[in-house]
Amino acid sequence: MEGQTIRAFTSESVAAALVASGERVLSRSLKYHRPRTFFCMEGHCGGCLARIDGVPNLRACQTPCTTGTTIEGQNAYPSPEIDLFGAVDFLFPRGMDHHTLMTGSSILNNLASKVVRQLSGLGKLPATESHELPAVQLERVDVCVIGGGPAGLAAATAAASSGASTLLVDDQLRLGGSLLADPRLGVAVADARVAAAMAAGVRALPRSTAIAFFPEDAPEDGGVLAVATPDHLVRVVARRWVWATGGYAVNLLFADNDRPGVLAARGVGRMLVQHGIAAGERICVVVGKGMDDYANALAEALRGARVDVTTTSADQVERARGRSWVTAVELTSRRRLDCDVVAVAAMPAPASEGPRQQGCRTVLDPARGGFRVIVDRDGRTSTPDVFACGDVCGYVGPMAAATVGARVGGAAAEEALALARELGPIATTAARRGA
Ligand code: FES
C-alpha cells in the first residue's frame with residue numbers, strides 16, 4: 001500500500017477505494033500481530049483502522065477520499081503485508097501471557113516489561129498538535145431519531161410529516177443504513193427515502209455519532225444527548241427520542257475467523273450495492289441461522305456480477321485457511337472450498353447501547369440477534385419519552401423495519417405535539433458557544 005497512488009471517486013470511503021485497488025492488509029493486531037483489515041464496512045468493527053492524513057486510528061470505511069489523502073498502515077514493520085513482528089503469532093501458537101513473561105529473573109523481567117510497553121498501543125501520535133476545542137451547538141427538537149437506516153428514515157419522515165420538528169442523527173458517510181447493503185433495495189430506494197425525509201422537513205446530521213446520553217445535564221429538559229459531528233459537538237434536547245440504531249454485523253465461530261478476507265456478508269453487500277465493487281472473484285457465502293433470505297439475495301446479486309459463488313451453512317464451517325488473506329474454508333466433512341472472500345451472513349446484534357443508557361429494558365434473545373430493546377406495538381420502551389424501532393428491537397430486516405419505523409415515528413410525534421400544545425413549542429435554538 002505505502003508509496004503507491006490509488007484512484008478514487010470523491011467522497012467514496014477510503015476503504016472502498018482501497019478494496020477496488022486490490023489493497024488488503026491495513027494493520028496488525030496489537031499483541032500477536034495478526035493481519036487486520038475491513039470486516040463490516042460500516043464503522044463498527046475497528047478492523048480498518050489506519051493512519052489517514054497524519055491522524056492515527058481513523059476508520060477507513062468512514063473516512064471520505066479527497067484529493068491528496070494519504071493512508072498509512074499501522075502497527076507493522078516494515079509493512080502490514082510483511083510484518084516481522086508477525087513472528088509472535090507463529091512462535092506462540094497457543095497464546096502468550098506477557099504478564100508472566102520472564103518472571104524468573106528481575107533483570108530479564110524489567111527488560112521484558114520495557115519491550116512490551118514499547119510494543120503496546122496502536123498507532124503513533126498525530127503529526128500535528130491540536131489545541132482547539134470544538135465548538136458546541138445546542139439543538140432543541142420535538143423528536144430526535146438516532147439512526148438513518150430504513151427504520152430511522154421512516155420514523156423521521158413520519159414524525160416530520162406530522163408537524164414535529166425532527167432531527168435525524170446518523171453516523172455513516174451516507175444515509176440509508178442497511179438499504180445500501182441489500183441488493184433487493186439498494187441505492188435508488190435509499191436515496192428516494194432520504195429525499196422523502198428531507199421533503200417532509202427532517203433536518204439530518206450525517207457522519208455524526210450519538211456518543212452518550214447525560215440525564216444530569218439540563219435535567220429540566222430531561223437530559224442531553226451528546227452528538228459528535230466531524231467538526232463540532234451538538235447537545236441535543238428532545239421531547240421524544242426514537243432509537244433506530246439497527247444491528248451490528250457480527251462474525252460466526254470457526255477457527256481463524258479473523259483472517260483478512262473473512263468479511264461480513266453485509267459488508268460484501270455494501271461494497272457491491274453502494275460502491276459497485278465485487279469484493280472477490282470466488283466468494284463463499286456462509287449462511288447463519290435466520291439469514292437465508294439475505295444470503296440468497298446477496299449470492300444471486302454476486303453471481304449477476306460474475307462472481308463465482310458457493311454457499312454453505314455456518315454449522316459446516318470448521319476453519320478459514322490462508323495467512324495474510326483467506327484462500328479457502330474447510331468444512332467439517334473435510335471438504336475444502338477454495339475462495340478469495342468468505343462472506344459471513346450472521347444475524348446482526350441489536351445496537352442497543354444508547355437505549356440501555358436511557359434505562360430502556362432489554363432482553364437477551366439469541367434468535368433475534370442478542371440483547372434487544374423491549375417495546376410495545378408503537379415502539380414505546382420501558383423509559384417514558386423513549387421509543388425504539390427496527391433491528392435494535394431484534395432483527396427484522398430492512399423491509400419490516402421501515403414499516404414499523406413509520407408507525408413508531410408517528411406515535412412519537414403525536415406525544416411530542418401533545419406536549420407542545422400543553423407547554424408551548426420547543427425553542428429550536430441553535431446557539432453556538434465555545435467549549
Ligand atoms: S470499522 Fe471499518 S470495516 Fe469495520
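Position 1 is the first residue of the sequence; numbering continues from there. For ligands, and for the atoms within them, numbers begin at 1 and follow the listed sequence.
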Pull out every atom of ligand 1 sitting under 4.0 Å from any heavy atom of [X], numbered as shown with elements.
X     : result
Phe38 : 3 (S)
Cys48 : 1 (S), 2 (Fe), 3 (S)
Gly43 : 1 (S)
Phe39 : 3 (S)

Write out the residue and atom name of the closest protein heavy atom to atom 3 (S) of ligand 1, then the distance separating them to 0.1 Å.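 Nearest protein contact, heavy atoms only, for atom 3 (S) of ligand 1 is Met41 N, 3.2 Å.
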Just checking, any donor-acceptor pair under 3.5 angstrom between side chains of Asp231 and Thr229?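 On atom types as modelled, these side chains qualify, holding a pair under 3.5 Å.
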Within the structure, is a non-hydrogen atom of Ala15 found at a distance of less than 4.0 Å from ligand 1?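 False for this residue.
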Going by an N to O cut-off under 4.0 Å, is there a salt bridge joining Arg36 and Asp258?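 Asp258 and Arg36: salt-bridged.
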May I ask you to say whether Asp256 pairs ionically with Arg323, meaning some side-chain N is under 4.0 Å from a carboxylate O?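 No.
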Closer than 3.5 angstrom, by distance alone: can the side chain of Asn296 be matched with the main-chain N or O of Asp292 as a donor-acceptor pair?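 Yes, Asn296 side chain to Asp292 backbone: donor-acceptor pair under 3.5 Å.
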Return yes if some donor-acceptor pair links the side-chain N/O of Asp340 with the main-chain N/O of Glu281 below 3.5 Å, else return no.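 Yes: the side chain of Asp340 pairs with the backbone of Glu281.
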Side chains of Arg140 and Arg239: does their closest heavy-atom pair fall under 4.5 Å?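 No, every pair of side-chain atoms sits at 4.5 Å or beyond.
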Determine the interplanar angle of the Tyr248 and His44 rings, folded into 0 to 90°, and report it as parallel if under 30°, tilted if 30 to 60°, perpendicular if over 60°.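 Correct class here is perpendicular.
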Residue-level breakdown please: for Gln62 versus ligand 1, do any non-hydrogen atoms fall below 4.0 Å on the side chain, on the backbone, on both, or on neither?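 Within the 4.0 Å criterion, Gln62 makes no contact with ligand 1.
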Taking both backbone and side chain into account, is any N, O or S atom of Cys45 nearer than 2.8 Å to atom 2 (Fe) of ligand 1?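 No - counting backbone and side chain alike, Cys45 has no N, O or S atom under 2.8 Å.
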Would you say Cys61 reaches atom 2 (Fe) of ligand 1 with an N/O/S atom under 2.8 Å?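 Checking atom 2 (Fe) of ligand 1 against Cys61, an N, O or S atom does fall under 2.8 Å.
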